[in-house]
Structures are given as C-alpha cells and as structure tokens.
Visitor: 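One structure, as structure tokens, below. Some questions next.
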Amino acid sequence: MALGIGLLILSLLVSTRAVLAADAVEVAEVTIAAPDILAVELREPAYRRGSIVALPSPVSAAAGSWIDTPQGYGMVVGPKRDHLRLPDVPPTVRLDRKSADDAAAYGPIGSRRVIDVFRKSVPYDSGFYSAQGSSRTGASFKHYLYLQLDGRLEPGRYSISWPKAMLPATDFTYDPTTTRAIALRATQVGHTAGDVAKTAFMSLWLPGGPEDGAVDFRRYGLDRFSIVDAAGASVFTGTIRLRKGPKDLEPGNGVAEPLNEYTHVRSPRIAVRGIAQADPIRIVAPGHGFQPGDRIALEGLGGDQDAGATFATVADPTPDDFALADVKGPIAGAFDGDGTATLAYSTGRAGTFVFELDYSAFKPAQAGVYRIAVPGLGVSDPIAINPDTWFDLGALSLAGLYNHRSGIALDGRFGYQRPAAFRPGPDLVIHRSRLPLAWSQEFGGPLTSDNGAKAGWITEEPAPESYWGGYMDAGDWDRRIQHVEIASLLLDVFDGMPEPLRARQYQVPQSSALLDDPAYKAAGELPDLINEAIWPMDFFRRLQAPDGSIHGGIESASFPLLGEPSYLEHQAVFAYAPDVVSTFKYAAVAARLARVLKEIGKTELADLYGKSAIAAWQAGEAGFADPDRFYADAIAAGTELGLFDETPWEKLKETLQKNAGEYRATAAASLFRLTGEADYRTIFETAVAGGLSIYAHTADGAWDYLNSPGADAALQDRLRQQFIHEAKMVSAAQDALAYPSMKHPGAPAGWGQGTAPDYNMVQLFMRAYRLQPDDALLRTMEQTSATILGANQVGLSFTTGAGVRQILHPLQEDHRAMGVAAPRGITIYGFGPQSQAAYGWVFGPPWSPLPETGTAEAAEARRVYPPRFSIPYLDFLIEHPGVIMQQEYTVQQPIATTAALWLFLATVESQRAER
C-alpha cells in the first residue's frame, strides 16, 4: 500500500524517535510549553524483546511454566509444549525522580532560573518477563518535565544542566518559528485541501501547577496564530479563541457529573488508620487537618489491590477522625489497615483551558506540508495537505483488518507477518458446544463465554474442518457474530461510492485466492472493499448448519495465555451452538451483501449469499416461533447443570425473544430490499409500529427499508427525518465539550466511548449526510478524526501506523507474544474514566506492572505520577496493555468504524473537489 505524503513523512519521523539507547535515560525532545515553561521529555530504556523459539522435542512442563533449556530460559507455550517464549529484558536504569523534581539543583538556562518542576510520568513501552518463575509485565516510562522559569525564554541557544549531573548537559535552540509547542494539539496526519473542519487546540495541564494545573494562555497575550509553509512563510492567519475553561460545564460528557472530581496533586496523602462502620461512617486519620465541608478522596482502603477511589465530604471532624457525607463510591466493608485521604476538587474533563485554532478557511491550491505557528510560543507538528489523506487513512484501517485475519498466514503485505492460526487439522480440533452465544453475557444472557468449553456444555463432536477464517479480536481470539458488522459498514461505504472510487485498490487479497467456493472463481476480480466485506461473511456462511441456522462463533476456553501467540493456542477451542439472534443477524448482512453483489453484476456469488440469507431467515423464523424446540439441546444441558435454578428458562426465553425480535425486523427489512417480497415488508412494518430506535442493528433495518422500492412512503419519510434529526443532535452536542467527537450525549463514558466513534454513530452520520448533505455533520466527522490522530490533550495518535507520536503497545496479544511491533491500522478505544480502569493487578503492590504501594522491586520508580485520581480525564491515558478499557479495541470497533469513516470522508471530499 502506497503511503500518502502525510503518512509517509510522519511514519519516518516516528521511526527515528522510537529508538533509544538500551542502557540510559535519554532526552527524547525539548519543546516549549508556555513562554516561560520548557517541556523536556525523558525516556527510560525500552524493553529488549524476546521471541518465540522452537524446541527440538516437547517438554513435560505445562504451558505457562518457565524452564531452563539449551535454547534459553523461557516460558513453555503451544499445544505440544514444544516452543518457548523467551522473556523481554526490562530496563536496568530508571529516572532519578527525586533529583529531577529538585528545581534548585538545575543550572541556569541562559539568564533564566528554574523555579519549579512539574512532572508527569507515564508508561510508553511494556514487556513480558519472569520473576521467581512467575509471569510478569512491566513498563518503561516517559517523563514530561515542565521546567518553570523565572521569566520568558528569549530565542537563542541554551543548555540544561541536570541535577546531580544525572544526564549529560542538554543543548537546545529555542526558536518560536521552528520549536515545537507541546500545547498545540493538532492532527499528526493532515487534511485534504477541501476539508470543512481544520481545527487544532492549544491546551496544557501542568501537574501540580498553580490553579490546579490550569494554564490560561491569555495571560501571555497569545491570541493569534498563522499557518506557515515549508519555507516558514505565513500563508494564513487566524484568531485563538477559548473553547472551554476548567470550570465550564460539559453536559453530555458521559460521566456522572458535568464536572469531575480529582485530588490535588501536591496535597498530602493522609494515612487512614481505621473505618468506623457507623451511621454516618467515620474515618480514623489522626492529624488529618481537614475542615468541615472539605471534599476528599479515599483510596486504598480495601488493601494494596484496591485501585479505586471514593469521594466524600468531611463532616463533624475531630483531631483524629471525621464523618463522611455525600459519599460517591463504595466504602470498603473490611478495612485492610491502610489507605489514604486527600483533598479533592472539581473541574472539567480537560482540567485546564482549551483554546481552539480554526483554520478551516485555509484551502491551499497545492499539496504540501505546513505547520501552525503561534507567535511568541512555537509551532505544531507537520500537517500535510494531501488529496489522498482520507483514502490513505482508510487503507490503513483496512490493513488493520487484514492483520487480524484468522485461518491464514499473514504475508507481511502491510508490514506484519504471522503464521496461520486456528486452522482445523491434525494440530487443532474445534469441538462443538451446546452453549448458544445468545445465552452468554454478550447478548444479555446469564453465562460467561468460557462456559462453552466446560463440562456439560462442551461435546466430543469435532466441528468441520471448514470452520476457519474470520477475524480475531484484540485481547482474545474470539470470532463472534458481531464481526458481520464489519461487512455492514464496508457495504454502506461502497453503496455511497461512485463507480471510479469503487474500483480503488487497497492491496486486499482477492477472495478467489483464499476461498474455495466455485462462485468466487466465477465472479473473477472483485472490488477490494467487497473482498474485505466477504471475508467475515464467508466464515459465518461456513458456520451455517444444514437447517440454515448460524453458529454464533468460535472461541477459546479462556483468555490467551500471556506470551502464547494465536498460532500456538494450547487451550480448548469450541464452536457455539446455533442461536436465533446470530441467525437473524447473519441473514440481514448476507442479504445486504447479496444485493450489492447483484448490483455489480456478480450474479452467481449474489445467488450464493441470497440463498444463504433466506435459509438463515427460515431457520430464524422456526426458532423464533418455537424457542423451546430450537434450544432443546441447550435447555437440556442447562437443566443438567442447574442453570435454571437461578435463572428460570421462562425468564431467559423472554430475553432471548426480545433480542431476537429486534434482529428479526432488521433481517426482514434487508430481505425486503433484496427480494421486494411483501411478507418481509409486513414483518418490518409490524415490528416498528410502536416506534423504532435508529441505532445499531435496528438502524440497519430502518436504512434498508428506507431504500427499498415499494415501501410505505410515509414511514420512509419518518425514518429519513429521524436519521437526520438524530445526527444533527449528536453533532450539535459537541459544542458543549472541550474536544469534539461523535459520542452520543446520552452514551456513558466507558468501553468504546473514549475517542473513536462506535458503530452506531458512524452509520448514523454517514446515512444522515447521504440523505441531506450538511457541513455541520462533515465537520464533526473530520474533527473526530483529528482527535483520534493527535488533536487531543495527550498529543498522541491513537492509530498505529499514523502520526509522529502514536500508540505503541495496544492490547494485541499476538504482537506481545511474538515480541514484535504492533501491526499497523489499530485504533484503540482511548480515554476512559479512572474509576472504570481501576485494575488492582495493574495498579497494585510491587509485583504489578505499575505499582502504587510498597517499595520492593523499585516500586516507587515504576509509579504513574501524578497519582491516577489527580490526572484529569482527558490527560489520563495509560499506555500499558493491561489498562484494558483504554488500550483494547475490537475489529468491528474502532478498526472497522475508522475504516468506514475515513473512506466515507474520502468519498465526500473527492466528490466535493470535482465540483
């Protein structure tokens, strides 16, 4: 895949920055934070990567055991126990944090003195190793040192003399026309010239600084910016405007309150010595010094793996204890004899002033590389103007999808190689399970997915050898029915493309080269987007039972063994039993695929999926009409295992029928659009007579009905207006937020609601824009993309393979196990609340990767700083794969959603450019 100018330039930049010496803390970059504040990024040595090695013969030790062999010391992996995962080597050098924080120990910087140091220490690299025979993960840190000077720094050459000579003197030049200003938050990839939203942000949260770290750049008189070309000439000027202040409310931000609560960075952590379970609860903390009405945070009350925090108000204090009022969060029932209390305050998610720099009116006639320049401060990262920006980004996400394909060897076409995984044969048997996916918690059922491999559910019956393919996910190897949403997204994009763009190639393999059905060879060459849409659909087509029903997917018995790659999975692997939800969900997307294939003249292939969709529909109808009969085997298994003792079958059936009814309506609409048959129309219209939500699968049905000839015109018009109204509402809601995104204001902050848009919102915005082109919608989509790609408060691109500073270690288990770089094209979930990412096994005792208690194993040198609950929401991103909520993703979201979003923007901008 050819890289566009933006991705090429920025990929080269990041490749030169990522490599640091293996034995020393080094200066990664010196930037300017404010006219009187220098920012220095220090990085500890990265882990030295281990690898997978083959043993000459199997060993007796169990998978996961650490053993010594002639091939080296490593962990046993693989079903035959004939491979080792050699450990990563942790850094032996850590930053002397105490010295780095000592402002008085710095030498003068020209005529200026360092009068304070504000530090943020967070991981950037991680590794896997053994300690006393147990598997551990750890992290290497990057440290942002903000050096407060006693006055503005004038342009010139300078040197930083470090406390205790802990680093060699660092020479640097400050030139506001070339020095990067760390507070400028802009896309690290770029735009097309015609983009309607070219916006950047200027923001800085100073850890432990005055006003709780909120920096107001107006006090420096910074109110103008310019766009400069490669020669430094100004080609556009604009005004810097305040978007949000630290105390401005953010309704619809997804968290519990419009303002969030945090602890003061430099307030003392007061030791808690006891909890009196009275009414009200009293906290024993001798010498606490709190006053009535003080807001505080209580942390660690439940022991060294209690990583949460509870906020409360101090009431009725004595010198040794105080009562709690207005408590938000749990109070440990059993006090562990430790814990702290810290003064707290409320502020917005950014915790600081966020300024907007709007250069949307800048529409250069020529492609090139530009920067934002703020006089008296500095410049941004390079911003490429390139007509192929959105196509290149869409292609990058398509590469991300390919890099998660299961069942085939990944050939390195996108820079990432991996042997074939989960291909049934002599070395892998997939067993049928009696557990339907719809009975699991994935669809609101009572069971976790691992039950599918447990006694009573798992059978000895092997699944066919055709059960391979599809995509694997991030932190596990599951291939579930939700992955057909990838095909749905890509088909929607393809539907809206003019013919020349449909033929654009992205280096996706032709289906006929990988799939055996004769219809693929008869179809000949297919458009790349159709090939990618077919990949998950053909997998589930092969999971179709003779009666037409669909198995919900294939899963391993548990999460992957850390350090064991997918192609060496040692755990039991099972196929879910068919269920009605999966059957209808497949039927809907198969019908959609059949329609598109028919429209592009691939009749034999269209017939293959059309017949498969109808067979699935018929099986779904039978199951929906008589769930007792459809699920008879699962009911028998559940009865034997006592499942219905706590969850009566009638109650579970009610949930199953409700879910299935929604998917049934969607499938009916898709089949109506494909066939024009009135029975499907009637089923959809009956289902939505009482109202219809236009999100997720229900929106897919509404969209197909809306685009069906012969549908009820009044209902079509109502659906059309609903799509447009909802998208405009979500777009308008972004004006209340510090950083815009495509998050629905009613959606809670959490999994998949951090930065990248979800399936619902991408479909909604694309469809609404197609119905009624509106620059406001386009602006929201482009601003969301910029936020993903670096225009955020941590200055990182959340997509691997794009940007100067990008995520390096997402929760992608294969790259961790193989000891290689993460594959390109992954976009992570991103920001998420501290309270929901309070993992005690990550932020715990000294053996945890980011310890918060104890002093053993250099724990104090491996802590996130400031403490987690002192860091504002939009400054809190922890680059360690153990922080699952932030560093995970799924193939259908955000990889497929960014692919669809960026290819949709490419289509729109291409059409606008032609006009």
Side-chain angles (χ1 to χ4, degrees), residues 44-50 61-68 73-77 84-98 121-143 269 271-272 299-309 332 334-340 475 558-564 809 811 813 816-817 819 834 836-869 878-888:
E44 297 170 351
Y47 276 69
R48 295 202 308 273
R49 302 288 161 218
S65 302
W66 289 87
I67 63 172
D68 257 323
Y73 178 73
M75 189 185 79
V76 179
V77 296
L84 284 185
R85 172 42 159 102
L86 302 181
D88 301 330
V89 179
T92 58
V93 177
R94 299 283 183 180
L95 176 68
D96 178 353
R97 298 184 180 195
K98 184 176 180 181
S121 297
V122 288
Y124 78 96
D125 184 53
S126 63
F128 165 72
Y129 62 99
S130 169
Q132 292 84 49
S134 297
S135 296
R136 297 271 188 91
T137 66
S140 293
F141 278 74
K142 57 184 176 184
H143 306 270
R269 260 82 184 143
V272 172
E299 299 176 73
L301 301 185
D304 60 7
Q305 290 191 63
D306 178 1
F335 180 56
D336 193 71
D338 204 352
T340 61
S558 185
F559 297 115
L561 171 66
L562 180 61
E564 183 173 76
H809 291 276
L811 181 57
E813 291 292 1
R816 299 176 74 193
Q834 287 96 324
Q836 295 184 45
Y839 306 119
W841 64 90
V842 176
F843 307 107
W847 52 258
S848 61
L850 304 171
E852 295 190 347
T853 64
T855 58
E857 303 183 41
E860 292 172 302
R862 298 187 291 118
R863 283 181 188 153
V864 169
Y865 185 84
R868 286 174 300 117
F869 286 94
I878 305 300
E879 294 177 72
H880 188 281
V883 186
I884 304 167
M885 180 185 222
Q886 295 187 344
Q887 298 298 323
E888 201 179 15

Visitor: Quick one: closest heavy-atom pair of Pro881 and Ser126, and the distance?
Guide: CD-OG, 3.4 Å
Visitor: Looking at Pro45, is its backbone amide N or carbonyl O close enough to the side chain of Ser140 to form a donor-acceptor pair, meaning the two atoms are under 3.5 Å apart?
Guide: yes
Visitor: Quick one: closest heavy-atom pair of Ala859 and Arg863, and the distance?
Guide: O-CG, 3.4 Å
Visitor: Are any of the side-chain heavy atoms of Glu879 and Gln887 separated by less than 4.5 Å?
Guide: yes
Visitor: Looking at side-chain heavy atoms only, is the closest gap between Pro846 and Asp304 below 4.5 Å?
Guide: no
Visitor: In Å, rounded to the nearest 0.5 Å, how long is the span from OG of Ser848 to NE2 of His880?
Guide: 9.5 Å
Visitor: Determine, for Asp88 against Arg136, whether the closest basic-nitrogen to carboxylate-oxygen distance falls under 4.0 angstrom.
Guide: no
Visitor: Below 4.5 Å, heavy atoms only, C-beta onward: do Asp338 and Thr853 meet side chain to side chain?
Guide: no
Visitor: Keeping the roles fixed (side chain from Tyr47, backbone from Ala139), state whether a donor-acceptor pair exists under 3.5 Å.
Guide: yes
Visitor: What residues form a ring-ring contact (aromatic ring centres under 6.0 Å, His included) with Phe128, not counting sequence neighbours?
Guide: Trp66
Visitor: Got more than 12 heavy atoms from elsewhere within 6.0 Å of OH, Tyr73?
Guide: yes
Visitor: Closest heavy-atom contact between Met75 and Ser135?
Guide: SD-OG, 3.6 Å
Visitor: Is there a donor-acceptor contact under 3.5 Å from the side chain of Arg862 to the main chain of Glu857?
Guide: yes
Visitor: What is the minimum heavy-atom distance between Asp306 and Leu301, and which atoms define it?
Guide: OD2-N, 3.4 Å
Visitor: How about Leu850 and Ile878: do any of their side-chain heavy atoms sit closer than 4.5 Å?
Guide: yes
Visitor: Identify the two heavy atoms, one from Arg85 and one from Ala817, that lie closest to each other, and give their separation to 0.1 Å.
Guide: NE-O, 2.5 Å
Visitor: Closest heavy-atom contact between Arg49 and Gly127?
Guide: NH1-CA, 3.9 Å
Visitor: How far does OH of Tyr124 sit from CD of Glu44, to the nearest 0.5 angstrom?
Guide: 7.5 Å
Visitor: Between Glu852 and Arg868, does any NZ, NE, NH1 or NH2 come within less than 4.0 Å of an OD or OE carboxylate oxygen?
Guide: yes
Visitor: Would you confirm whether Tyr129, through its side chain, and Gly138, through its main-chain N or O, come within 3.5 Å as a donor-acceptor pair?
Guide: no
Visitor: Just how far is it from atom CD of Glu860 to atom NZ of Lys98, taken to the nearest 0.5 Å?
Guide: 10.0 Å
Visitor: Heavy-atom distance under 4.5 Å between the side chains of Leu562 and Glu813, does that happen here?
Guide: yes
Visitor: Are any of the side-chain heavy atoms of Thr137 and Pro849 separated by less than 4.5 Å?
Guide: yes
Visitor: Hey, could you give me the CG/OH distance between Leu95 and Tyr865, rounded to the nearest 0.5 Å?
Guide: 13.0 Å
Visitor: Between the main-chain N or O of Leu811 and the side-chain N or O of Arg816, is there a donor-acceptor pair closer than 3.5 Å?
Guide: no
Visitor: Do the ring planes of His143 and Phe141 sit parallel (below 30°), tilted (30 to 60°) or perpendicular (above 60°)?
Guide: parallel
